[in-house]
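Report on the structure given below.
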Protein chains: 2
Amino acid sequence: MLRYPGPADRTGSRRANLVLLLRTLREQGQVSRAQLAVHSGLSKATVSSLVGDLAQRGLVRPAGTTAGGQGRPGELVELRPSSACGVGLDLNVEHVGATVMDLTGEVLLRRQIACDVPASGPERVLDLLAEALAGVLGDVQARGGWVVGATVAVPGLVDTDGAVVRFAPRLRWREVALRNGLAARTGLALDFFGADNDANLAAIAEHHAGAAAGLDDFVYLTGDHGVGAGAFSRGELVRGHLGYAGEVGHMTLDPLGPWCSCGRRGCWETQVGLGALLHACATPDDPVRDPALDPDSRMALVRARAVSGDRRTLDALHQIGAALGAGVAVLVNLFNPAAVVLGGYFAALPEWLVEPVRSEVAARVLAEGAGGATIVASRLGFQAPATGGAAHALRRVLDDPATVPIEEHTEHTEGMVAP
Amino acid sequence: MLRYPGPADRTGSRRANLVLLLRTLREQGQVSRAQLAVHSGLSKATVSSLVGDLAQRGLVRPAGTTAGGQGRPGELVELRPSSACGVGLDLNVEHVGATVMDLTGEVLLRRQIACDVPASGPERVLDLLAEALAGVLGDVQARGGWVVGATVAVPGLVDTDGAVVRFAPRLRWREVALRNGLAARTGLALDFFGADNDANLAAIAEHHAGAAAGLDDFVYLTGDHGVGAGAFSRGELVRGHLGYAGEVGHMTLDPLGPWCSCGRRGCWETQVGLGALLHACATPDDPVRDPALDPDSRMALVRARAVSGDRRTLDALHQIGAALGAGVAVLVNLFNPAAVVLGGYFAALPEWLVEPVRSEVAARVLAEGAGGATIVASRLGFQAPATGGAAHALRRVLDDPATVPIEEHTEHTEGMVAP
DNA sequence: CCACTTCGTTGAGGAGCCGATCAAAAGTCG
DNA sequence: CGACTTTTGATCGGCTCCTCAACGAAGTGG
């Protein structure tokens with residue numbers, strides 16, 4: 001019953017209005033104060049004051065004037081690129097990576113460090129993560145920006161507040177104190193760091209500027225050896241009681257199905273995981289099944305065969321697509337999403353997977369027209385989790401611009417009024 | 001991307017604080033202004049002003065003084081019973097009903113009108129609903145209260161804004177303009193009326209004062225001929241894009257399972273619906289399967305047999321419980337709820353159903369300890385949907401007490417200060 | 001009876017928004 | 001070309017609503 005836990009913050013309206021302008025600027029690009037006033041419903045006086053505030057914090061800058069039209073031209077304002085940035089840290093089986101996004105939503109840079117993560121053990125991997133982070137911190141500073149936080153995308157269960165990795169079978173991690181480890185290695189504050197499930201962060205990325213942009217209700221599916229889901233409801237992630245929501249890989253869809261590594265039978269990921277795909281479309285000695293190969297190259301190989309019309313590959317994809325659709329239908333019945341975004345390896349083969357999924361869903365969902373759900377492929381592919389991590393880290397600023405200290409940004413704020 | 005669609009409401013802090021006090025009063029019962037100030041984090045001055053405001057609207061009243069303790073005794077304040085009320089309207093196969101709840105969460109009265117709903121057709125049923133509503137409106141007025149809204153619990157798909165019943169197979173309804181029909185019959189405003197899926201409203205009821213009280217993340221399961229779910233995430237219902245979320249009854253859990261009335265095989269409700277239970281525990285000529293019998297009596301019969309140790313009944317319940325657990329495990333993996341509340345007929349037989357569900361879930365959920373999910377029976381049983389409808393209608397006041405006009409409530413407001 | 005404590009009200013002050021007003025910087029038109 | 005119109009953005013007074021500090025009120029304990 002604690003919907004409103006704290007006292008209603010008295011400076012809350014100021015913050016909410018700063019957020020409102022920031023969001024408008026991110027959507028519209030360059031806007032004059034007068035346009036901001038109309039779009040936001042605030043008075044011109046208030047908008048002037050708010051824009052001055054944002055300028056003092058270095059978050060916006062002048063951007064010329066409006067052309068044409070009668071009357072005095074407006075002074076355009078835009079988000080300052082390469083100012084406040086968020087970092088998404090990647091934790092994969094064969095590499096770690098860092099992705100930087102700025103306020104405008106632009107991805108500024110990506111770094112990767114190859115590493116056999118399961119073999120190296122958590123301590124060594126945290127060293128590498130800290131190294132990747134330090135690298136991009138330097139790059140961002142060189143561009144005149146600063147980093148407000150970093151979020152790690154973990155292929156496994158992470159506790160609610162993002163401090164500890166509970167269980168990540170693919171990495172062979174269990175109870176790893178991620179946040180403490182990174183804070184100790186970098187000397188940065190604890191609350192600089194967060195962590196979340198890779199499917200959740202990928203969903204954030206698609207929501208931010210991908211296949212689910214602007215959708216309040218959708219489901220993202222990540223496809224790798226395992227299968228995970230990130231679900232948005234009302235524009236927010238469904239996280240669950242302890243943050244473990246979206247564990248779709250081990251739904252039992254067929255009581256008589258194949259055995260799963262988790263010890264049970266008929267788990268969805270035995271039917272649609274990368275293992276199932278490779279098993280269906282390649283013989284054991286096929287180069288596609290070489291474990292040393294990275295996902296992108298594998299998918300390129302499978303793709304090439306599908307394009308060339310290889311019967312075995314096409315049959316395999318159709319079979320996987322149908323099994324995928326059976327599970328997606330469950331998700332659609334449960335969440336009634338506006339879209340289901342197929343990510344991970346699924347996104348590399350949309351021409352052969354999307355259609356079978358679509359028809360299976362149409363046949364299995366109770367609500368007419370699949371309840372309005374469209375099936376689409378991710379636009380961000382394997383980069384979605386890290387991108388989402390960066391977007392998530394940026395939320396600190398986007399949700400409360402007042403956390404950015406007021407400092408000197410004179411070279412960018414000429415002619416902008418202090419409140 | 002429209003998280004903040006409107007301008008930040010400038011009077012928002014006032015409203016938020018009124019809501020804060022109202023919620024505190026609902027939880028704590030009788031509280032002094034000083035205690036309210038401490039609990040809410042607001043200043044004593046503000047609390048005095050807000051309480052005066054609520055008193056003028058007739059929502060709170062004096063309730064004596066604090067006993068014992070040093071210093072000046074506090075003047076207790078409490079929510080005024082039988083003041084603002086919400087109505088939940090029930091739409092079942094064999095009756096329609098009305099339930100009234102007041103601000104304190106107390107159910108003031110219930111009315112039922114027997115009626116063969118599928119046979120009567122929507123027009124006749126809307127007449128009866130309007131009649132039931134008119135009856136309780138009178139009763140409430142006689143107690144010095146007033147009704148702020150009514151929400152209809154529909155066993156089927158309702159559109160997002162609660163105006164139209166899209167599809168309710170059990171009622172044989174399709175595209176029924178519920179809101180318009182009720183507004184026309186009663187002369188009340190359109191926005192007086194709402195409608196929602198019965199599982200959603202039952203979940204609201206359990207969240208409000210039932211088995212899921214205070215839980216932000218839980219799933220409610222309704223059990224009747226069909227099976228439906230209402231899921232809470234972050235303290236809010238998961239409704240989905242068009243409001244059709246929670247349609248769990250037709251999840252395909254066994255590709256080779258029995259045929260369902262929807263034309264497919266292996267739907268969950270063929271395994272755990274009331275039909276499956278009766279089929280498993282009674283021969284065709286068993287009186288329990290008499291369609292004229294109401295759900296309560298049926299369950300009483302089955303219950304009596306289970307208590308007496310009837311082997312066939314016990315076997316049937318164990319089989320149903322296991323099948324129920326298989327589906328609940330899917331929900332737990334997806335939503336990671338703090339609790340799964342078994343409602344409808346399941347709630348009438350908890351001694352035999354809860355344990356099989358619990359063990360099945362423990363075996364099938366990936367996260368340790370079922371991700372913290374407990375399995376509990378509903379406390380409200382078949383009354384949950386109507387109760388939730390009333391609670392939902394009350395949200396209008398609880399979310400914005402300022403919608404209640406300031407009128408004369410002098411007999412109750414002596415000594416209470418105007419702002 | 002008098003300190004002491006706690007409660008609720010009052011008044012001054014500040015944060016923040018809005019409407020009105022005004023100067024500035026264009027186009028438009030006679 | 002100069003006056004008029006239009007639009008922008010800053011400024012000012014006023015309003016709402018919160019907080020802090022001070023104060024009288026109403027009890028208890030010595």
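Sequence lines set the chain letters: A, B, ... in the order given, protein chains first and strands last, and positions in each chain run from 1. What you are looking at is a predicted structure, and each value in this text was computed from that prediction instead of being measured.
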Listed partners of [X] passing salt bridge (Lys or Arg N to Asp or Glu O under 4.0 Å), at least two apart:
X: Asp139(A); result: Arg111(A)
X: Asp400(B); result: Arg15(B)
X: Arg396(A); result: none
X: Asp217(B); result: none

Whole angstrom is fine here: how far is it from [atom1] in [X] over to [atom2] in [N]?
X: Leu20(B); N: dC17(D); atom1: CG; atom2: P; answer: 16 Å
X: Leu18(A); N: dC17(C); atom1: CG; atom2: C1'; answer: 13 Å
X: Leu50(A); N: dG9(D); atom1: CG; atom2: P; answer: 14 Å
X: Arg14(A); N: dC18(C); atom1: CZ; atom2: P; answer: 11 Å
X: Leu42(A); N: dG19(C); atom1: CG; atom2: P; answer: 11 Å

Side-chain N or O of [X] closer than 4.0 Å to phosphate OP1/OP2 of [N]:
X: Ser48(A); N: dA10(D); result: yes
X: Ser43(B); N: dC20(D); result: no
X: Asn17(A); N: dG16(C); result: no
X: Thr46(B); N: dT19(D); result: yes

Would you please name every residue forming a ring-ring contact (aromatic ring centres under 6.0 Å, His included) with Phe232(A), sequence neighbours left out?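 Checked Phe232(A) against ring-ring contact (aromatic ring centres under 6.0 Å, His included); matches are His207(A), Phe218(A).
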Check: Arg80(B) side chain, Gly58(B) main-chain N or O, donor-acceptor pair, under 3.5 Å: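 Confirmed, Arg80(B) side chain pairs with Gly58(B) backbone.
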Report the residue (Val47(B) or Ala45(A)) whose heavy-atom-nearest nucleotide on DNA chain C is the more 5′ of the two.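 Its nearest nucleotide being more 5', the pick is Val47(B).
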Report, one pair per line, the protein and nucleotides 3-7 of chain C atoms (nitrogen or oxygen only) whose separation is under 3.5 Å.
unit_1	atom_1	unit_2	atom_2	d
dT6(C)	O2	Arg72(B)	N	2.9
dC7(C)	O4'	Arg72(B)	O	3.4
dC7(C)	O2	Arg72(B)	NH1	2.7

